[in-house]
Amino acid sequence: MPQPRSDSETDHHLYLASRSPRRLALLEQIGVRVALVEAETDETRWPGESPETYVRRVALEKARSGRAAVSEDEPRPVLAADTAVVLGDMTLGKPTDRASAAHMLSTLSGRSHRVLTAVALIVGELELTDLSDSLVTFRALRESEILSYWDTGEPCDKAGAYAIQGIGALFISDLQGSYSGVMGLPLFETGRLLAAAGIQVIGSASGAVSPRV
């Protein structure tokens with residue numbers, strides 16, 4: 001699990017309920033320092049639940065789990081996110097093995113799919129969510145390159161079995177939407193949530209977050 005990037009135990013602006021090093025890196029990219037908290041959540045999609053409702057619910061449940069893991073007196077917000085690769089009404093999670101990754105990538109080959117990433121922010125009693133919806137198109141993939149891609153280790157912990165920020169970018173012929181959203185944390189929507197909660201990301205002399213909650 002990645003460690004908090006801070007100079008001390010109190011040198012952070014918010015808590016991130018995630019194990020994802022990509023989400024941590026994206027927040028650091030916009031000058032937000034975080035401390036990491038565990039968030040144990042059942043990510044099973046409920047019967048009849050739309051993909052949009054599903055990712056919003058799971059992101060909020062992760063944030064609630066993270067909130068429960070810190071002191072009740074802690075004023076700093078808790079942020080969480082959830083990403084789903086969606087083809088039709090089918091959601092593709094993380095592959096369990098080489099065969100499941102190959103099946104996912106073969107299914108996505110030569111087609112367009114949606115990547116939904118929901119962001120949830122809890123500030124005190126306030127619970128906020130936002131959603132990024134992107135359309136990603138894959139070129140046709142050969143079986144040999146799918147298997148070789150698995151051998152790189154990159155697809156193992158990625159929804160849909162690929163990473164847009166890595167070797168998987170070679171498969172993507174078109175993207176309509178949010179690059180950071182496909183990575184796992186849409187910065188536009190995240191910034192909008194922070195602003196709605198009264199947390200300033202830009203505008204200070206340091207360019208860092210100034211919590212005003």
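- Residues Thr190 and Leu27 meet the side-chain proximity criterion, which asks for heavy atoms closer than 4.5 Å.
- For His103, the NE2 atom is loosely surrounded, since the number of other residues' heavy atoms within 6.0 Å does not exceed 12.
- In this structure the side chain of Val119 reaches within 4.5 angstrom of the side chain of Leu79, judged on heavy atoms.
- What you find for Pro77 and Val123 is that their closest heavy atoms are CB-CG2, 3.8 Å.
- For the residue pair Gly181 and Ser132, the shortest heavy atom distance occurs at CA-OG, 4.1 Å.
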(request) Start with the C-alpha distance between Gln165 and Arg22, add both sets of side-chain angles, then the distance that settles side chain to side chain contact (heavy atoms under 4.5 Å, CB included), and finish with yes or no. (result) CA-CA 9 Å; Gln165 73 278 11; Arg22 298 170 296 281; 2.6 Å; yes

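- The shortest side-chain heavy-atom distance between Arg64 and Glu127 falls under the 4.5 Å cut-off.
- Salt bridge Lys62/Glu43: present, at least one basic N to carboxylate O contact under 4.0 Å.
- The shortest side-chain heavy-atom distance between Tyr179 and Pro186 does not fall under the 4.5 Å cut-off.
- No hydrogens or angles considered: nothing links the side chains of Ser18 and Ser20 as a donor-acceptor pair under 3.5 Å.
- The NZ atom of Lys94 lies 11.0 Å from the SG atom of Cys156; values are rounded to the nearest 0.5 Å.
- The two atoms that bring Ala39 and Ala17 nearest to each other are CB-CB, 3.7 Å, heavy atoms only.
- A side-chain donor-acceptor contact under 3.5 Å links Glu154 to the backbone of Gly168.
- With respect to Phe138, the side-chain contact (heavy atoms from CB on, under 4.5 Å) criterion is satisfied by exactly one of Ile172, Thr107, Asp174: Ile172.
- A donor-acceptor pair shorter than 3.5 Å cannot be found between the side chains of Ser106 and Ser109.
- Leu170 and Trp150 fall into different hydrophobic clusters, where Ile, Leu, Val, Met, Phe, Trp and Tyr residues are linked whenever their side-chain heavy atoms come under 4.5 Å apart, directly or through other members.
- Nearest heavy atom pair, residue Thr129 against residue Ala120, reads CG2-CB, 4.1 Å.
- Note: Tyr149 and Tyr162 fail the aromatic proximity criterion, with ring centroids not under 6.0 Å apart.
- At a threshold of 4.5 Å between non-hydrogen side-chain atoms, the residues Tyr15 and Leu36 do not count as touching.
- Grouping Ile, Leu, Val, Met, Phe, Trp and Tyr residues whose side-chain heavy atoms lie under 4.5 Å apart, directly or via other members, places Leu116 in a hydrophobic cluster with Tyr54, Val55, Val58, Val86, Leu131.
- Annotation: salt bridge (charged side-chain N to carboxylate O under 4.0 Å, His left out) contacts of Arg67 (sequence neighbours excluded): none.
- Qualifying salt bridge (charged side-chain N to carboxylate O under 4.0 Å, His left out) partners for Glu61, counting only residues two or more places apart in sequence or in other chains: Arg57.
- Distance check, rounded to the nearest 0.5 Å: CG of Leu141 to CG of Leu147 gives 11.0 Å.
- In this structure Lys158 satisfies the salt bridge (charged side-chain N to carboxylate O under 4.0 Å, His left out) test with no other residue, sequence neighbours excluded.
- Linking Ile, Leu, Val, Met, Phe, Trp and Tyr whenever their side-chain heavy atoms come within less than 4.5 Å leaves Phe188 and Ile199 in two separate clusters.
- Applying the side chain to side chain donor-acceptor pair (under 3.5 Å) test to Ser112 and every residue at least two apart in sequence or in another chain returns Thr137.
- By the side chain to side chain donor-acceptor pair (under 3.5 Å) test, Ser71 is found to be paired with no residue, residues two or more places apart in sequence or in another chain being considered.
- Going from atom CD1 of Ile122 over to atom CG of Leu128 covers 9.5 Å, rounded to the nearest 0.5 Å.
- When hydrophobic clusters are built by joining Ile, Leu, Val, Met, Phe, Trp and Tyr residues whose side-chain heavy atoms come closer than 4.5 Å, directly or via intermediates, Met90 is grouped together with Val85.
- Using a 4.5 Å heavy-atom threshold, the side chains of Leu108 and Leu92 count as touching.
- When the salt bridge (charged side-chain N to carboxylate O under 4.0 Å, His left out) test is applied to Asp89, the partners found at least two apart in sequence or on another chain are Arg45.
- Counting only residues at least two apart or in different chains, salt bridge (charged side-chain N to carboxylate O under 4.0 Å, His left out) contacts with residues 184-200 comprise Asp130-Arg192.
- For the salt bridge (charged side-chain N to carboxylate O under 4.0 Å, His left out) condition, the pairs that include at least one residue of residues 95-111, sequence neighbours left out, are Arg98-Asp151.
- For Ala118 against Ala59, the heavy-atom pair with the smallest separation is O-CB, 3.6 Å.
- Of all the heavy atoms in Ser178 and Ser134, the pair that sits closest is N-OG, 2.8 Å.
- Checking side-chain atoms of Glu49 against main-chain N and O of Trp46 turns up a donor-acceptor pair under 3.5 Å.
- Within the 4.5 Å cutoff, no side-chain heavy atoms of Val37 are placed close to those of Leu16.
- Hydrophobic clustering, defined by side-chain heavy atoms of Ile, Leu, Val, Met, Phe, Trp and Tyr closer than 4.5 Å, leaves Leu135 isolated from every other such residue.
- Counting only heavy atoms from C-beta outward, the side chains of Leu185 and Ser180 never approach each other to under 4.5 Å.
- Within the structure, salt bridge (charged side-chain N to carboxylate O under 4.0 Å, His left out) contacts touching residues 137-146 (residues at least two apart or in different chains) are Arg139-Glu145, Arg142-Glu145.
- For the side chain to side chain donor-acceptor pair (under 3.5 Å) test, residues two or more places apart in sequence or in another chain that qualify with Thr117 are Thr83.
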(request) For side chain to side chain contact (heavy atoms under 4.5 Å, CB included), just list the numbers for Leu121 and Leu194, CA-CA rounded to whole Å, side-chain angles, deciding distance to a tenth of an Å, and then say yes or no. (result) CA-CA 8 Å; Leu121 183 71; Leu194 293 173; 4.0 Å; yes

(request) Check the pair Val182, Leu175 against side chain to side chain contact (heavy atoms under 4.5 Å, CB included), reporting the backbone distance first and the verdict last. (result) CA-CA 9 Å; Val182 178; Leu175 166 64; 4.0 Å; yes

